[in-house]
Amino acid sequence: MLKKKTYEKLKKICIDESEETVVFGEGNLDAKIVLIGEAPGSKEIELRKPFVGQAGKNLNEFLKVVELEREDIYITNVVKIRPYRINKETGRKVNRPPNKNEIEKYSKILFQELEIIRPRLIVTLGNVPLKTLTSQKNIKVGEVHGNIIETKEYTIFPLYHPAAIIYNRNLKDIYFEDLIKLKKHIKK
Ligand code: URA
């Protein structure tokens with residue numbers, strides 16, 4: 001109960017202190033596995049839920065291969081608002097990578113989320129959560145994907161970001177090999 005209260009308090013602080021729409025993490029607060037993405041996109045902002053739309057389809061594929069249910073895990077992002085710029089020609093918002101300030105501000109919240117949930121394993125998607133959790137500026141998912149990283153606080157399983165594999169057949173194969181490795185690790 002205290003856990004839930006602490007969690008709700010953190011969520012409220014995050015929403016109150018953000019000038020833009022927040023997509024907070026969601027899922028099982030007792031989860032052994034936490035999945036961390038980069039930042040919400042337009043669909044996530046619309047529904048105020050992480051990993052919906054195309055990203056949600058990727059997530060479902062992930063869960064199926066790894067043999068987990070969405071209810072088993074906790075899903076969140078490093079940055080809780082949508083980083084965007086305006087396309088000068090169309091006047092529309094387009095996604096951009098989160099900047100240093102956004103990562104710094106919201107990673108403080110992320111660390112508190114993890115402190116509440118205390119998962120056994122953290123699966124990072126892409127470079128942003130990997131760099132944030134390892135505090136290693138130069139670490140690259142291309143060099144460490146599919147291999148467990150132990151830090152003082154966390155056990156991390158780095159994966160490519162699903163968006164990175166869409167147009168790259170080779171990466172797609174590697175991503176699926178990594179998922180099988182992850183499944184074996186979880187079942188151990
Ligand atoms: N949607 C999210 O919530 N996070 C991502 O990293 C990508 C899409």
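Atoms within a ligand are numbered from 1 in the order they appear, just like the ligands themselves.
- Atom NZ of Lys32 sits in a sparse spot, with 12 or fewer heavy atoms from other residues, nucleotides or ligands closer than 6.0 Å.
- Shown here are the side chain to side chain contact (heavy atoms under 4.5 Å, CB included) partners of Pro162, two or more places apart in sequence or in another chain: Asn58, Leu125, Tyr175.
- Glu67 has a carboxylate O that lies under 4.0 Å from a charged side-chain N of Lys183, or vice versa, which qualifies the two as a salt bridge.
- Residues satisfying the salt bridge (Lys or Arg N to Asp or Glu O under 4.0 Å) test with Arg48, not counting sequence neighbours, are none.
- Annotation for Lys4: atom NZ does not count as buried by contact number, only 12 or fewer foreign heavy atoms lying within 6.0 Å.
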Identify the protein atoms, limited to N or O, that lie within less than 3.5 Å of an N or O atom of ligand 1, and list each pair with its distance to 0.1 Å.
unit_1	atom_1	unit_2	atom_2	d
ligand 1	1 (N)	Glu44	OE2	3.0
ligand 1	3 (O)	Phe51	N	3.1
ligand 1	3 (O)	Asn77	ND2	2.9
ligand 1	4 (N)	Ala39	O	3.2
ligand 1	4 (N)	Asn77	OD1	2.7
ligand 1	6 (O)	Glu38	N	2.9
ligand 1	6 (O)	His161	NE2	2.8

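- Val94 belongs to no hydrophobic cluster, as no Ile, Leu, Val, Met, Phe, Trp or Tyr side chain comes under 4.5 Å of its own.
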